[in-house]
2 protein chains.
Amino acid sequence: MNISNLLNVNPVLVDRVRLSIMATLAFKKEPVDFNSIIIELGLTKGNLSTHMKKLETEKFVEITKEFVGRKPKTTYSCTKFGKEALNNYLKTVEDILKKTSG
Amino acid sequence: MNISNLLNVNPVLVDRVRLSIMATLAFKKEPVDFNSIIIELGLTKGNLSTHMKKLETEKFVEITKEFVGRKPKTTYSCTKFGKEALNNYLKTVEDILKKTSG
DNA sequence: CAAACTGGTTTGTACTGCAAACCAAATATA
DNA sequence: TATATTTGGTTTGCAGTACAAACCAGTTTG
């Protein structure tokens, strides 16, 4: 049992909101736009914006900005690195929790 | 898909240090004393003390204070409620893992 | 006796998450 | 046309959090 593995995981991924965002992006394989995430997870714009900035600086997501018609549109997708990090983290947690429930 | 279940898990439990503490307590079925946790997880005294206060106010752990010889000794144990919370968290994580790794 | 150790708690600080406030541009309304 | 509202976000201010340093009460050691 190495519970202390938990203490080494990237803290950026631990937050529930960011974890939900990452899971959403990983689940839908295609890029997801700003407003869809807001609606799906019930977040405010400011909150999503700052979480995304963090996820981007960690290279967990890629942000694409384009114009659709005359309006700006921002879409996000999970990087391969991000997906690996997500799975690693979830497996670490799963592993530890399984050991404790035995 | 209810990734938003993640948003419902108790935030007190999500923190890496507290999760490590809870896992430690749930794994060892007997009460664990202050210093053992510090050594096992590599925490400082102040940090452990405040985390424990939070876990206690959530009723996730029970604190017992007694004197051994002439010295104070504080031991912690996981409550049934705390253990249930861990199990709930495990199920949420397992669910997400299934959905995102497909 | 003083110094150092034990077993913690309290406190100061730096960081974080959140929504309100803001902004630029597009669109609707009169 | 002017101007109000909506869209699609970003920045900012504040409240809460995690952490270790400082502290405290008592004990042991020299």
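Predicted model only: the values in this text are computed from it and were never measured. Sequence lines set the chain letters: A, B, ... in the order given, protein chains first and strands last, and positions in each chain run from 1.
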Quiz: residues 57-71 of chain B side-chain donor-acceptor pairs under 3.5 angstrom, not counting sequence neighbours:
from    : atom 1 : to      : atom 2 : distance (Å)
B/Thr57 : OG1    : B/Lys54 : O      : 3.0
B/Glu58 : OE1    : B/Asn10 : ND2    : 3.1
B/Lys65 : NZ     : B/Thr74 : OG1    : 3.1

request  = Taking A/Ser4 for its side chain and A/Leu7 for its backbone only, find out whether a donor-acceptor pair lies under 3.5 Å.
outcome  = no

request  = Grab the CD1-P distance between A/Ile37 and D/dT10 for me, whole Å please.
outcome  = 12 Å

ask   = How close or far is atom C1' of C/dC5 from atom CZ of B/Arg70, stated in whole angstroms?
value = 16 Å

query = Are the side chain of B/Arg18 and the backbone N or O of B/Val12 linked by a donor-acceptor pair below 3.5 Å?
reply = yes

request  = Report the residue (A/Gly46 or A/Pro72) whose heavy-atom-nearest nucleotide on DNA chain C is the more 5′ of the two.
outcome  = A/Gly46

Nearest-Å distance for atom pair NZ/C1', residues A/Lys73 and D/dT10 = 19 Å

inquiry  = Taking B/Lys98 first and then B/Glu94, would you say they form a salt bridge - that is, a charged N and a carboxylate O separated by under 4.0 Å?
reply    = no

Distance, rounded to the nearest Å, where B/Leu19 contributes CG and D/dA18 contributes P = 13 Å

key: Pair B/Asp95 + B/Lys91, salt bridge at N-O below 4.0 Å   = no

message = Given 3.5 Å as the limit, does a donor-acceptor pair link the side chain of A/Lys83 with the main chain of B/Thr100, or not?
response = yes

task = Round to the nearest Å and state the distance from B/Phe67 atom CZ to C/dT6 atom P.
result = 17 Å

ask   = Is there a donor and acceptor pair closer than 3.5 Å between the side chain of A/Lys45 and the base of D/dG8?
value = yes

inquiry  = Output the rounded distance in Å from CG (B/Leu43) to C1' (C/dG7).
reply    = 15 Å

Tabulate protein N/O versus nucleotide N/O from nucleotides 13-17 of chain C, keeping only pairs under 3.5 Å, one per line.
from   : atom 1 : to      : atom 2 : distance (Å)
C/dG17 : OP1    : A/Arg18 : NH1    : 3.0
C/dG17 : OP1    : A/Arg18 : NH2    : 2.6
C/dG17 : OP2    : A/Arg18 : NH1    : 3.3
C/dG17 : OP2    : A/Lys54 : NZ     : 2.8

query = Atom CG of B/Leu48 and atom P of D/dT17: how far apart are they, to the nearest Å?
reply = 18 Å

ask   = Heavy atoms, side chains only, cut-off 4.5 Å: are B/Leu6 and B/Ile96 in contact?
value = yes

side-chain N/O A/Asn35 vs D/dG8 OP1/OP2, d < 4.0 Å = yes

request  = Look at the side-chain N and O atoms of A/Lys53 and state whether any lies under 4.0 Å from the OP1 or OP2 oxygen of D/dT11.
outcome  = yes

task = For B/Glu66 and D/dG26, give me the distance from atom CD to atom P, rounded to whole Å.
result = 18 Å

